[in-house]
K.L.:
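One structure, pasted below without further comment.
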Amino acid sequence: MDAQFKPALVEKAIYDFWEKNGYFTAKVDKQKQAFCIILPLPNANGSLHLGHAMFVHEDLMIRYHKIIGDETLWQLGLDHAGFETQYVYEKYLRKQGKSRFDFDRETLYQNIWQFVTDNKGNIKNQMRRLGFALDWSKEKFTLDPDIVQIVYQTFTKLHDAGLLYRANRLVNYCTRDGTSFSDLEVVDQEKEGTLYFIKYPLAGGGFITVATTRPETMFGDVAVMVNPKDKRYAKLVGQKVQLPLTKRIIPIIADPYVDQKFGTGAVKVTPAHDFNDFEIGKKHSLAFICVIGFDGRMQNTGIVDGLKVLPAREQTLKLLQEKGLVEKSAPHKMVAKTCYRCGNILELLPLEQWYVRVRPLVDKAKELVDKGEIKVYPKRFVRRLDMILDNFIDWNISRQVVWGIRIPAWQCAGCHEWIITAGEKPAKCSKCGSTNLQQDSDTFDTWFSSAQWPFATLRASHNEEFYDYFYPTSVMETGHDILRAWVARMIMIDYFITGKVPFKNVFLHGMVRDAKGQKMSKSKGNVIDPLIMVDKYGADALRAALIFGTKEGGDVVLSEQKIIGMRNFANKIWNIGRFIDMHISVIPSAAEGSLNAHLKTKLRDSSAPTLTVQNDSEKTLKQLNKEFKDIKKKYTRYMKGYRFSSAFDLVYHYLWHRYADYYIEQLKESLRNGNIKALEVLEQVYFETLAMLHPFIPFVTEAVWQQFHGVNSSILNYEKDMATEKR
RNA sequence: GGAGCCGUAGCUCAGUUGGCUAGAGCGUUACAUUGACAUUGUAAAGGUCACAGGUUCAAGUCCUGUCGGCUCCACCA
């Protein structure tokens, strides 16, 4: 054995050994307990970042369960990541001086398919480098035909249950990217804005002043509104106002929604471009005038048509000022809803979309969590999940992107009826019989398919027995940042379809931060590339650094220094093995009779001094055994309680600072004198410790194991091998 | 406005039914080293556990309040 553990030399060979010998391949084995984790879908087009590296939590659970003898499945899946991927592809097109509008739908889809196919291998190989024990033989992609079929069926089942409807509502729309978003995909950003006070002429003379941050939307105003309790305006309610510039006549109405203290206490009502105004508009049966188009340009104004929103605002203000209708303006902190991808300020535009009625699904999900049918770790996230479920609003699942699963709904050109199928084009309209049917051009929100992933992936391409064995899955492990977008929706949808929970436990990990506790971002330049770290220090070092000294569910502070510290630990493990190995090689053959099975096989001829069985170290060995028994107990308790950091920390300190620093030092002299008993105990405890550490740092533990047991042996068989040896 | 988390060594953090002298990693200092490992070992320095009350035989841990930081949700004309 070398004086140092060199990860780069062994990692690939060890990984290939595991993969090729089927250590990761799951099968139904009713003699064993099933343990299944569904990998949170990485983007098929993406490459590995530290967020993915946190899946090491899943790997360690899988490996732990493999070692204790469970039948494990870590189900691999890749996401088409609809808008996300199309966005990246469009950027790629732009570099070539092209845009998506240069292609028809079918060609664009095929091009992106190719683009994704070309890149799919990256993330998979990167996950291999981290040592992930994924079942590669069961890889699924969200656009696999069998998955798509299941997604269609879910859509129709929601429809049949009355949980699906189409509605014309205001949606968050990015005019740059050309698609709508659900409320969860919107990023609020504080902006310095201006509040303008604009005088609206009263029909009977005089003015009423309204305060607004968006004067350009005044062309879509349909009323001016005040609080009914507001004495200042009591006499004006019911009167008419002339919209400045256009002279259109609108009423003054009263509604308690208005805050008397804000601005002038009078507010313009623009139902087509503001959520609250939209509601007010419905309540008071007001008209609906849309003055911003999907291209982000003004329309129907007769004055600033064709201008983009910001120039239109300036132009409108200029015209108002010329007429002396701008009373004043004041700086105003406002929150802008922006596109999470491109940062563009989103417009609220009326668009007909498919919505999932979530209330019944949410109520059931809450019940499942409250009853403990789904347990959440760390516990504090139960509250968060509850709150998330309480606040869920109906889910807009339509997206105006090409890259995705096209919605299986057709509209009759004649009677405008919508017909929903499980994928196939309907022969004729079910209402009027027309054959002129047009398929919805929209695709599903990516989360709609990922929400079905646990059952969809286990049902697709597997038989019923396989599905029954592994579903419900054991643990859903993911970042707490997608509790809402993903975890909550899986519970809702999957229970609706299968009548069972998708997973029995949820374990949430935190975000990775830099050495100063700051978020990692490209602009800050503090991003750590996991693969570079693996190259430099080995996968074990990176993995351990993500677990060591953290709190379950808390953020992980990562630095290169920390990774180096863990690399040192891997080396320590290696050298303990080397130490034992060196002593085995000098065991005199005369001792053969008293050796345990393993030592016998390792026995080598040597010219070492004559054996002297010593009892001087008996007390130390007794103490060692007792202490180790206690460590094992604690370890199991921690592992079962999802306290992985504590488990790792425990064994780390035991092996390094008790086993090596204390016991080995105590026994060194005795070993030199040929104390076989001490060597046996040290070896046995060492192997057991390796097995405990293996889930966290699989490579070094396997490398050492194979040094002792041969390259065809694996520590993943530890329990089985030990059981055989005992017999 | 509602909720959650956090404040412990120079830095980053553990400390889960309240219980010996409060820990780790990194950093710092001194010493050791030819025989497992310098990616090492031994030892040291360094803490009013944010602050103020309370419960208790006993509080870093439980309760109340204050201050400071972070996050989520709602609202924002």
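By convention in this document, chain letters (A, B, ...) are assigned in the order of the sequence lines, proteins followed by strands, and residues within each chain are numbered from 1.
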K.L.:
Salt bridge or not for A:Lys337 and A:Glu347, using N-O below 4.0 Å?
P.N.:
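A:Glu347 and A:Lys337: not salt-bridged.
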K.L.:
Could you work out which one of B:C37, B:C73, B:U40 sits closest to the side chain of A:Trp656?
P.N.:
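Of B:C37, B:C73, B:U40, B:U40 is nearest to the side chain of A:Trp656.
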K.L.:
Nearest whole Å is fine: how far is B:C73 C1' from A:Met387 CE?
P.N.:
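Taking CE of A:Met387 and C1' of B:C73, I get 4 Å after rounding.
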K.L.:
With sugar-phosphate meaning primed atoms plus P, OP1 and OP2, does A:Tyr537 contact a base, only sugar-phosphate, or nothing at under 4.0 Å between heavy atoms?
P.N.:
nothing
K.L.:
Using only side-chain N and O atoms of A:Lys551, determine if any of them is under 4.0 Å from OP1 or OP2 of B:C6.
P.N.:
yes
K.L.:
Check the distance between B:C6's P and A:Asp555's CG and give it to me in whole angstrom.
P.N.:
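Interatomic distance, CG of A:Asp555 to P of B:C6: 12 Å.
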K.L.:
What nucleic acid atoms does A:Asp661 come within less than 4.0 Å of, heavy atoms only: base, sugar-phosphate, or nothing?
P.N.:
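Sugar-phosphate, no base atom in range.
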K.L.:
For B:C6 and B:U64, measure between their P atoms and round to the nearest Å.
P.N.:
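Pairwise P distance, B:C6 against B:U64, rounds to 15 Å.
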K.L.:
For B:C72 and A:Arg384 - does any side-chain N or O of the residue sit under 4.0 Å from the phosphate oxygens OP1/OP2?
P.N.:
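A:Arg384 to B:C72 OP1/OP2: no side-chain N or O under 4.0 Å.
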K.L.:
Strictly by Watson-Crick or wobble contacts shorter than 3.5 Å, is anything paired with B:A52, and which nucleotide is it?
P.N.:
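Base-paired to B:U64.
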K.L.:
Taking NZ, NE, NH1 and NH2 as the nitrogens, is one of them in A:Arg359 or A:Asp363 under 4.0 Å from a carboxylate oxygen of the other?
P.N.:
yes
K.L.:
Counting any heavy atom closer than 4.0 Å, what does A:Tyr257 reach on the DNA or RNA strands: base, sugar-phosphate only, or nothing?
P.N.:
sugar-phosphate
K.L.:
Using purine N1 to pyrimidine N3 plus N6-O4 or O6-N4 for Watson-Crick, or N1-O2 and O6-N3 for G-U wobble, each under 3.5 Å, what pairs with B:C26?
P.N.:
B:G10
K.L.:
Report the base-pairing partner of B:G19 (Watson-Crick or G-U wobble, both distances below 3.5 angstrom), or none.
P.N.:
B:C57
K.L.:
Once you round it to whole Å, what is the distance between C1' of B:C37 and CD1 of A:Ile664?
P.N.:
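My rounded result for the distance is 10 Å.
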K.L.:
Mind checking A:His653 for me? I need base, sugar-phosphate or nothing, with any heavy atom below 4.0 Å counting as a touch.
P.N.:
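A:His653: backbone/sugar contact only, no base atoms under 4.0 Å.
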K.L.:
How is A:Phe548 classified with respect to the nucleic acid when contacts are heavy atoms under 4.0 Å: base, sugar-phosphate, or nothing?
P.N.:
sugar-phosphate
K.L.:
Touch check for A:Val269, heavy atoms < 4.0 angstrom, all strands: base, sugar-phosphate only, or nothing?
P.N.:
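Counting heavy atoms under 4.0 Å across all strands, no contact is made by A:Val269.
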K.L.:
So which one's nearest nucleotide on RNA chain B is more toward 5', A:Gly577 or A:Met225?
P.N.:
A:Gly577
K.L.:
Across all strands, who's sitting opposite B:U40 as a Watson-Crick or G-U wobble pair, both distances under 3.5 Å?
P.N.:
B:A32
K.L.:
Given the C1' atoms of B:U56 and B:G2, what is the spacing between them in whole Å?
P.N.:
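To the nearest whole Å, 34 Å.
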K.L.:
CZ of A:Phe381 versus C1' of B:C73: gap in Å, rounded?
P.N.:
14 Å
K.L.:
Does A:His657 reach a base, just sugar-phosphate, or nothing at all? Heavy atoms under 4.0 Å.
P.N.:
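Result for A:His657 = sugar-phosphate.
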K.L.:
From CD of A:Glu665 over to P of B:G41, roughly how many Å is that when rounded to an integer?
P.N.:
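About 9 Å, once rounded to whole Å.
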K.L.:
Rounded to the nearest Å, what distance is computed from the CD1 atom of residue A:Ile573 to the P atom of nucleotide B:U40?
P.N.:
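Computing the A:Ile573:CD1 to B:U40:P distance gives 13 Å.
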K.L.:
Could you check whether A:Thr209 and A:Glu327, counting side-chain N and O atoms only, form a donor-acceptor pair closer than 3.5 Å?
P.N.:
yes
K.L.:
Phosphate oxygens OP1/OP2 of B:U40: is one of them under 4.0 Å from a side-chain N or O of A:Asn568?
P.N.:
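Checking B:U40 against A:Asn568, a side-chain N or O does come within under 4.0 Å of OP1 or OP2.
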K.L.:
Which nucleotide, B:A3, B:C37, B:C26, lies nearest any side-chain atom of A:Gln561?
P.N.:
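Of the candidates, B:C26 comes closest.
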K.L.:
Quantified in whole Å, what is the C1' atom distance between nucleotide B:C70 and nucleotide B:U28?
P.N.:
30 Å
K.L.:
A:Phe579 side chain: which of B:A36, B:C5, B:A3 is closest?
P.N.:
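From the listed options, B:A36 comes nearest.
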K.L.:
Assign A:Arg643 to base, sugar-phosphate, or nothing according to its heavy-atom contacts below 4.0 angstrom with the strands shown.
P.N.:
base
K.L.:
When we call it a touch if two heavy atoms are under 4.0 Å apart, what does A:Gly549 touch: a base, just sugar-phosphate, or nothing?
P.N.:
sugar-phosphate
K.L.:
Over all strands shown, is A:Val335 touching base, sugar-phosphate only, or nothing at heavy-atom distances under 4.0 angstrom?
P.N.:
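Contact class for A:Val335: base.
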K.L.:
Is it the case that B:C37 (base atoms only) and A:Lys572 (side chain only) share a donor and an acceptor within less than 3.5 Å, ignoring hydrogens and angles?
P.N.:
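Side chain to base: pair present.
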K.L.:
Within the 4.0 Å heavy-atom criterion, would you say A:Gln4 contacts the bases, only the backbone, or no part of the nucleic acid?
P.N.:
base
K.L.:
Taking the six-membered ring of A:Tyr662, is NZ or CZ of A:Arg658 closer than 6.0 Å to its centre and within 45° of its axis?
P.N.:
yes
K.L.:
Please report the distance, rounded to the nearest Å, between CG in A:Asp514 and C1' in B:C11.
P.N.:
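Rounded to whole Å, this separation is 12 Å.
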K.L.:
So, A:Asp390 and A:Lys366, do they make that salt bridge, N to O below 4.0 Å?
P.N.:
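Yes.
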K.L.:
Using the benzene-type ring in the case of Trp, are the ring centres of A:Phe644 and A:Phe696 under 6.0 Å apart?
P.N.:
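Ring-ring flag for A:Phe644/A:Phe696: false, centres at least 6.0 Å apart.
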K.L.:
Rounded to whole angstrom, note down the P distance from B:A50 over to B:G10.
P.N.:
14 Å
K.L.:
Under 3.5 Å for both donor-acceptor distances, Watson-Crick or wobble: does B:C5 have a partner, and if so which one?
P.N.:
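WC or wobble partner is B:G69.
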K.L.:
Rounding to the closest angstrom, what is the interatomic distance between B:A24 and B:G47 at atom C1'?
P.N.:
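Straight-line distance between the two C1' atoms is 14 Å.
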K.L.:
With rounding to whole Å, what would you report as the distance between B:G4 and B:U66 at their P atoms?
P.N.:
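Looking at atom P only, B:G4 and B:U66 are 15 Å apart.
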K.L.:
Within the 3.5 Å criterion, strictly below it, is a donor on A:Lys268 or A:Thr270 matched to an acceptor on the partner's side chain?
P.N.:
yes
K.L.:
Pick the P atom in B:G54 and in B:C72, then give their distance to the nearest Å.
P.N.:
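Comparing P positions in B:G54 and B:C72 gives a spacing of 38 Å.
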K.L.:
May I ask you to test the A:Phe207-A:Leu202 pair for a side-chain heavy-atom distance under 4.5 Å?
P.N.:
no
K.L.:
Scan A:Leu483 against the nucleic acid and name what it touches under 4.0 Å (heavy atoms): base, sugar-phosphate only, or nothing.
P.N.:
nothing
K.L.:
Kindly say whether, by distance alone, the side chain of A:Glu552 makes a donor-acceptor pair under 3.5 Å with the base of B:A14?
P.N.:
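Answer no: no donor N or O sits under 3.5 Å from an acceptor.
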K.L.:
Are A:Lys677 and A:Glu680 close enough for a salt bridge, meaning some N to O gap below 4.0 Å?
P.N.:
no
K.L.:
So what does A:Lys668 touch, heavy atoms closer than 4.0 Å: a base, only the sugar-phosphate, or nothing?
P.N.:
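The answer is base, as A:Lys668 lies within the cut-off (heavy atoms under 4.0 Å) of a base atom.
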K.L.:
Applying a 4.0 Å non-hydrogen cut-off, can you work out what A:Arg567 is touching in the nucleic acid: base, sugar-phosphate, or nothing?
P.N.:
base
